[in-house]
Amino acid sequence: MKIAIYYFTGTGNTELTVKKWAQEANKYNIECDLFKVEDFKDDVDVSNYDKVGFAYPIHAFNAPRILWKFATKIKKLSIKKPAFIIMVSGEYMNMNHSSDYKLARILKRRNLIIESEYHYLMPYNMIFRHTEKRAFDMYKTMNALSELDVKEYLIENKPHHLKKHLSIHLFIWLIRIEQLYAPLYGKMLHIKKKKCIKCMQCVKSCPVKNIEFKNDKFKFGWHCTLCSRCSFNCPTNAFNTGFLLPWKVNGKYKFKEPDFVEVDKHKRYCKKSYARYYKEASNRLGTIEK
Ligand SMILES: Cc1cc2nc3c(=O)[nH]c(=O)nc-3n(C[C@H](O)[C@H](O)[C@H](O)COP(=O)(O)O)c2cc1C
Ligand code: SF4
Ligand code: SF4
């Protein structure tokens, strides 16, 4: 079997997840090609693959706009082909399960039919910073679940489904903040000169080339996809993110068991949905609940 996963990642969580999938698939001698959606300009041909996956971080209860755009570049297949979705988010809410509804419609028109869906919890890159302990627990659970999911789906041919409420679709369509406000957000970004060390990491890593450095000045265009990559990875935390400043998260998570004590200021946040995620995971994995 040969599969492909086309993915977008803002700050690396989705990438860690698809890499784990590829590693697990390889264990069973399944070839798994990984592609970043931002690397494609022209038509995309998926006819060589037996199954095609799409992976993304959830942005305002939807798939990122860049994924939708990418999906429209896929060449229509002459016969139906199975597809699967990997969504990664900061909250395991049922509403988030519906984030692929528009993507699914675009793919269906190309004869790619979603037969299996997965939703992994990974730490926030916006809103607030999780503690290293929580980030590590999420990372460990994603790894364990991916191992099981790859085996069940690709070897035992058991697809996985997420609980969805059709009524939610209209609601999430209305609050597609990223799709509506991302260009504006990109324009509002600015860099604090005193803090910037001109490493150019933000310029080089922007997936849509929205940041330009000319005549000793940074310029931001209208193409932002609100991925957070620039402000999250800036080594000196030099970004001012306008009205989303109180929600800015800066600095990579270590994804290691911390050897220091942290105060968890957000213990109560999404408590129920996190508990449900770990309960469902431990039921499936046969481990003790967190
Ligand atoms: C603009 C934006 C909107 C987001 N909206 C949501 C959301 O609606 N629900 C959620 O659970 N997480 C949301 N997140 C958090 C990300 O989905 C989460 O941190 C994810 O792990 C990031 O994956 P990445 O590192 O591959 O980009 C949002 C992040 C950004 C940047
Ligand atoms: S990543 Fe940060 S420090 Fe580096 S050029 Fe951009 S703003 Fe400046
Ligand atoms: S400007 Fe920043 S947030 Fe916007 S797309 Fe580029 S890297 Fe992502």
Side-chain angles (χ1 to χ4, degrees), residues 7-19 36-38 55-67 86-99 119-130 135 138-139 142 172 175-213 216-242 244 247-253 255 269-270 273-274 277:
Y7 72 96
F8 179 67
T9 189
T11 53
N13 292 340
T14 310
E15 187 162 57
L16 283 172
T17 311
V18 296
K19 283 189 168 165
K36 285 187 183 172
V37 297
E38 70 228 46
Y56 59 84
I58 293 176
H59 284 177
F61 307 105
N62 282 274
R65 195 165 52 136
I66 195 167
L67 237 295
I86 297 172
M87 43 184 98
V88 175
S89 85
E91 302 151 0
Y92 192 67
M93 286 161 76
N94 282 344
M95 223 159 87
N96 273 333
H97 295 347
S98 298
S99 61
H119 182 176
Y120 302 104
L121 184 63
M122 285 292 270
Y124 269 142
N125 57 3
M126 190 175 269
I127 304 181
F128 66 82
R129 189 176 184 82
H130 279 108
M138 290 176 187
Y139 174 73
M142 176 279 286
I172 66 171
I175 53 163
R176 56 195 198 289
I177 299 169
E178 185 209 315
Q179 285 75 4
L180 297 173
Y181 298 113
L184 210 62
Y185 171 82
K187 268 290 175 197
M188 267 174 4
L189 286 170
H190 68 266
I191 289 166
K192 293 174 204 154
K193 264 195 158 179
K194 277 188 186 159
K195 279 194 160 187
C196 176
I197 53 166
K198 295 187 184 157
C199 67
M200 296 300 130
Q201 191 173 305
C202 53
V203 178
K204 284 184 217 149
S205 68
C206 174
V208 288
K209 313 238 174 306
N210 198 52
I211 315 173
E212 215 187 356
F213 185 72
D216 207 30
K217 274 189 184 149
F218 289 95
K219 255 181 93 182
F220 294 88
W222 288 101
H223 308 291
C224 180
T225 190
L226 234 171
C227 70
S228 280
R229 198 182 286 178
C230 52
S231 56
F232 183 85
N233 289 322
C234 172
T236 60
N237 199 6
F239 269 81
N240 184 329
T241 54
L244 291 181
W247 282 9
K248 183 175 75 168
V249 177
N250 175 257
K252 283 188 196 310
Y253 291 97
F255 294 121
Y269 189 87
C270 276
S273 79
Y274 286 177
Y277 177 73

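Note that ligands are numbered from 1 as they come in the structure, with each ligand's atoms numbered from 1 the same way. All residue numbers in this chain count up from 1 along the given sequence.
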Per-atom filter on ligand 2: closer than 4.0 angstrom to a heavy atom of Phe218 are 5 (S)
Heavy-atom nearest neighbour of atom 10 (C) of ligand 1 within options Cys270, Gly90, Ser273
Gly90
Where is the nearest protein heavy atom to atom 8 (O) of ligand 1: which residue, which atom, and how far?
Phe61 N, 2.9 Å
Between Tyr7 and Thr17, do the side chains contain an N or O donor and an N or O acceptor separated by less than 3.5 Å?
no
Quick one, Met122 and Leu16 - any side-chain contact, counting heavy atoms below 4.5 Å?
yes
Give the contacting part of Asn96 toward ligand 1: side chain, backbone, both or neither, where contact means a heavy-atom distance below 4.0 Å.
side chain
Atom indices of ligand 1, in the order listed, that fall short of 4.0 Å to a heavy atom of Asn13:
20 (C), 21 (O), 22 (C), 23 (O), 24 (P), 25 (O), 26 (O)
Near Val208, which atoms of ligand 3 are under 4.0 Å from a heavy atom of that residue?
5 (S)
Which atoms of ligand 1 sit under 4.0 Å from any heavy atom of Pro123?
18 (C), 19 (O), 21 (O)
From Gly10, Ser231, Ser228, Ala60 - option closest to atom 27 (O) of ligand 1 by heavy atom:
Gly10
Residue, atom name and distance, where the atom is the protein heavy atom closest to atom 2 (C) of ligand 1:
His59 CD2, 3.6 Å
Less than 4.5 Å apart, side chain to side chain, heavy atoms only: is that true for Asn233 and Lys252?
yes
Please identify which atoms of ligand 1 are closer than 4.0 Å to at least one heavy atom of Thr14.
23 (O), 24 (P), 26 (O)
Evaluate the side-chain proximity of Ile86 to Tyr56: yes if any heavy-atom separation is below 4.5 Å, no if none is.
no
Work out how many protein N, O or S atoms lie closer to atom 2 (Fe) of ligand 2 than 2.8 Å.
1
Where ligand 3 meets Thr225 - atom numbers and elements under 4.0 angstrom, heavy-atom basis:
4 (Fe), 5 (S)
Is the shortest side-chain heavy-atom distance between Lys198 and Asp216 below 4.5 Å?
yes
Atom 6 (C) of ligand 1: nearest protein contact (heavy atom, Å)
Ile58 O, 3.3 Å
Please tell me whether His119 and Tyr92 form a close aromatic pair, meaning their ring centres lie under 6.0 Å apart.
yes
Per-atom filter on ligand 3: closer than 4.0 angstrom to a heavy atom of Cys224 are 3 (S), 4 (Fe), 5 (S)
Students should be able to answer this: which protein heavy-atom is nearest to atom 23 (O) of ligand 1, and at what distance?
Pro57 CB, 3.3 Å
I need the atoms of ligand 3 closer than 4.0 Å to a non-hydrogen atom of Asn210, numbered in the order shown.
1 (S)
For atom 6 (Fe) of ligand 3, what is the nearest protein heavy atom, given as residue, atom name and distance?
Cys206 SG, 2.3 Å
Using 30° and 60° as the class limits, which term best fits the ring planes of His130 and Tyr124: parallel, tilted or perpendicular?
parallel
Quick one: which ligand 2 atoms are inside 4.0 Å of a heavy atom on Lys198?
5 (S), 8 (Fe)
In terms of the angle between their ring planes, are Phe255 and Tyr253 parallel, tilted or perpendicular, with boundaries placed at 30° and 60°?
tilted
May I ask you to list the atoms of ligand 1 that are less than 4.0 angstrom from any heavy atom of Thr11?
24 (P), 25 (O), 27 (O)
Min side-chain heavy-atom separation Tyr277-Met93 under 4.5 Å:
no
Would you check if the side chain of Asn125 reaches a backbone N or O of Arg229 as a donor-acceptor pair within less than 3.5 Å?
no
The atoms of ligand 3 lying under 4.0 Å from a heavy atom of Ser228, numbered in the order shown, are 3 (S), 8 (Fe)
Whether over 12 other heavy atoms sit under 6.0 Å from Lys209 NZ:
no
In terms of atom number and element, which parts of ligand 3 are under 4.0 angstrom from non-hydrogen atoms of Leu189?
1 (S)
Would you say the side-chain atoms of Glu91 and Tyr269 include a donor-acceptor pair closer than 3.5 Å?
yes
Within a distance under 4.0 Å of any heavy atom of Val88, pick out the atoms of ligand 1 and give their elements.
17 (O), 21 (O)
Check the surroundings of atom NZ in Lys219: do more than 12 heavy atoms from other residues, nucleotides or ligands lie under 6.0 Å from it?
no
Can you tell if the side chain of Thr14 reaches within under 4.5 Å of the side chain of Tyr120, non-hydrogen atoms only?
no
Can you name the atoms of ligand 1, numbered from 1 with element, that are less than 4.0 Å from a heavy atom of Leu226?
1 (C), 31 (C)
Is Ala182 near ligand 1, meaning one of its heavy atoms is under 4.0 Å from it?
no
Could you name the option among Lys193, Lys192, Met200 that has the heavy atom nearest to atom 5 (S) of ligand 2?
Met200
Considering only the protein, which heavy-atom contact is closest to atom 29 (C) of ligand 1, and what is its distance?
Asn125 OD1, 3.2 Å
